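Worth saying up front: this structure is predicted, and the values here are computed from it rather than measured. Order of the sequence lines fixes the chain letters, A, B, ..., with proteins taken first and strands second; residue numbering starts at 1 for each chain.
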There are 2 protein chains.
Amino acid sequence: MSILKNKTNRRNAEECKLFIRPVRDVIEIIGGKWRLPILTALSFKKHRFNELQIQVDGITSRMLSRELKDLELNGLIEKNSLPETTSISEYNLTPYGKSLDNILVSMRTWGTNHREKIMNV
Amino acid sequence: MSILKNKTNRRNAEECKLFIRPVRDVIEIIGGKWRLPILTALSFKKHRFNELQIQVDGITSRMLSRELKDLELNGLIEKNSLPETTSISEYNLTPYGKSLDNILVSMRTWGTNHREKIMNV
DNA sequence: CGGCATCCCTAATGATACTG
DNA sequence: CAGTATCATTAGGGATGCCG
């Protein structure tokens with residue numbers, strides 16, 4: 001019985017690690033202070049660089065530039081330079097970036113609820 | 001028409017900010033390298049301190065201690081010191097912590113999928 | 001076993017100025 | 001407008017040792 005229990009515990013422990021690993025992967029990709037806010041803005045609609053800088057309050061052009069580059073490298077967003085005009089580029093979610101929607105929505109929902117809860121207390 | 005368009009754009013911009021704010025709130029609470037992995041482990045089952053340290057690979061006791069304290073302060077987890085035994089404490093999700101489930105599941109799901117995608121490419 | 005204290009280092013971010 | 005370059009600062013986190 002104790003042997004069986006040990007085996008069960010070990011299996012549970014392994015299973016638990018299998019839950020954690022993908023979560024850590026996600027954090028690598030969309031973690032940090034800025035990426036989810038940027039993605040949230042882009043899930044709303046496509047934005048230009050300076051529009052993003054206004055929406056994501058407090059971000060510097062330096063950080064915005066870097067984060068956009070990382071998100072693009074990971075295939076979550078795409079950059080389109082408008083051909084007609086000069087010095088205009090637009091950022092948008094790729095289909096793969098749109099697949100983050102469940103995460104974005106669940107976070108937004110929980111966060112909205114939490115804010116209300118904190119305010120009312 | 002251009003006036004209407006400006007009003008519409010401004011409304012959209014405000015609405016977008018309303019999407020971003022709660023997301024930033026959530027990041028404040030469960031962001032960073034360790035909190036979501038810890039919460040994921042606890043969503044699986046309650047854990048003791050050293051069990052968590054094993055599950056959340058690479059975390060030091062210092063960081064685990066600090067993160068657990070923050071999560072408890074935010075009402076997401078609870079600590080139970082077992083009365084019978086000495087020096088044993090268990091951590092578990094509170095009901096409020098369990099309300100994070102949608103976030104945890106959506107991240108785990110996306111992360112699992114992403115890992116498969118990366119591996120196969 | 002479950003932590004806390006100290007010291008230290010690096011990565012992340014900010015501030016500012018500049019450019020095509 | 002959409003960034004880049006440089007410098008300064010800070011927060012996050014690792015290593016280690018100690019303690020009830």
Side-chain angles (χ1 to χ4, degrees), chain A residues 6 9 13 20 23-39 41-42 45-74 77-93, chain B residues 6 9 13 20 23-39 41-42 45-74 77-93:
Chain A
N6 280 338
N9 283 342
I20 293 176
V23 170
R24 294 185 77 168
D25 291 343
V26 174
I27 293 172
E28 286 275 316
I29 298 170
I30 61 172
K33 192 176 179 180
W34 303 115
R35 292 186 199 167
L36 278 166
I38 292 169
L39 291 167
L42 294 180
K45 70 174 187 65
K46 65 172 181 259
H47 279 83
R48 281 158 51 179
F49 190 89
N50 66 342
E51 291 175 329
L52 278 174
Q53 210 175 346
I54 292 167
Q55 289 299 322
V56 183
D57 212 71
I59 195 171
T60 60
S61 64
R62 182 179 110 95
M63 286 310 296
L64 181 54
S65 174
R66 289 175 54 148
E67 300 296 54
L68 288 171
K69 212 167 288 178
D70 285 344
L71 291 171
E72 196 183 0
L73 269 175
N74 278 303
I77 68 174
E78 60 186 359
K79 173 183 176 175
N80 295 110
S81 296
L82 303 187
E84 301 288 330
T85 57
T86 59
S87 300
I88 296 220
S89 53
E90 282 181 341
Y91 292 90
N92 204 357
L93 291 184
Chain B
N6 280 337
N9 283 341
I20 293 176
V23 171
R24 293 185 77 167
D25 290 344
V26 174
I27 292 172
E28 286 276 316
I29 298 170
I30 60 172
K33 191 175 178 180
W34 303 115
R35 292 186 199 166
L36 278 166
I38 292 170
L39 290 167
L42 294 180
K45 72 173 187 65
K46 67 173 182 257
H47 279 84
R48 280 157 53 178
F49 190 89
N50 65 344
E51 290 175 329
L52 278 175
Q53 211 175 347
I54 292 167
Q55 289 299 322
V56 183
D57 212 71
I59 195 170
T60 61
S61 68
R62 180 179 111 98
M63 287 310 296
L64 180 54
S65 174
R66 289 173 53 152
E67 300 296 53
L68 287 171
K69 209 169 292 176
D70 286 344
L71 292 172
E72 196 183 1
L73 269 175
N74 278 304
I77 68 173
E78 60 185 0
K79 173 182 176 175
N80 295 111
S81 296
L82 303 188
E84 302 287 331
T85 56
T86 59
S87 299
I88 296 219
S89 52
E90 283 180 341
Y91 293 91
N92 203 358
L93 292 184

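Scanning for side-chain contact (heavy atoms from CB on, under 4.5 Å) contacts around B:Glu67 gives B:Trp34, B:Arg35, B:Ile38, B:Met63, B:Asp70, with sequence neighbours left out.
Among the nucleotides C:dT13, D:dG14, D:dT4, the one closest to the side chain of A:Trp34 is C:dT13.
As rounded to whole Å, 5 Å separates atom P of C:dG2 from atom CZ of B:Arg48. The interatomic distance linking A:Ile59 (CD1) with C:dT16 (P) rounds to 17 Å, in whole Å. We find that CZ of A:Phe49 is positioned 8 Å from P of D:dA2, with the value rounded to whole Å. Distance CZ (A:Arg66) to P (C:dG14): 11 Å, rounded to an integer number of Å. Rounded to whole Å, the distance from CG on A:Leu64 to P on C:dA12 is 17 Å. Protein atom CD1 of B:Ile27 is 11 Å distant from nucleotide atom P of C:dT13, rounded to whole Å. Remark: C1' of D:dG3 and CD1 of A:Ile38 are 14 Å apart, rounded to the nearest angstrom. When the P atom of D:dC1 is taken as reference, atom CG of A:Asn50 falls 5 Å away, rounded to whole Å.
Looking at which nucleotide of DNA chain C each of A:Gly58 and B:Lys79 is closest to, the 5′-most match is held by B:Lys79.
Contact annotation: the side chain of A:Ile77 approaches that of A:Leu42 to within less than 4.5 Å [non-hydrogen atoms, C-beta and beyond]. Looking at heavy atoms from C-beta onward, A:Arg24 lies in side-chain contact with B:Asp57 at the 4.5 angstrom threshold. Annotation: side chain of B:Ile27 is in contact with side chain of A:Pro37 (closest heavy-atom distance under 4.5 Å). By the 4.5 Å heavy-atom criterion applied to side chains, A:Leu68 and A:Leu52 are counted as neighbours.
Close to D:dT10, at under 4.0 Å from its OP1 or OP2, lies no side-chain N or O of A:Lys33. Phosphate proximity of D:dG3 to A:Ser89: present, with a side-chain N or O under 4.0 Å from OP1 or OP2. Within the 4.0 Å cut-off from OP1 or OP2 of C:dG3, at least one side-chain nitrogen or oxygen of B:Tyr91 is found.
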What's touching nucleotides 16-20 of chain D from the protein side, N or O pairs under 3.5 Å?
none

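For the atom pair NZ of B:Lys45 and CG of B:Asn92, the computed distance is 10.0 Å after rounding to the nearest 0.5 Å. A distance of 11.0 Å separates CG in A:Leu64 from NZ in A:Lys69, rounded to the nearest 0.5 Å.
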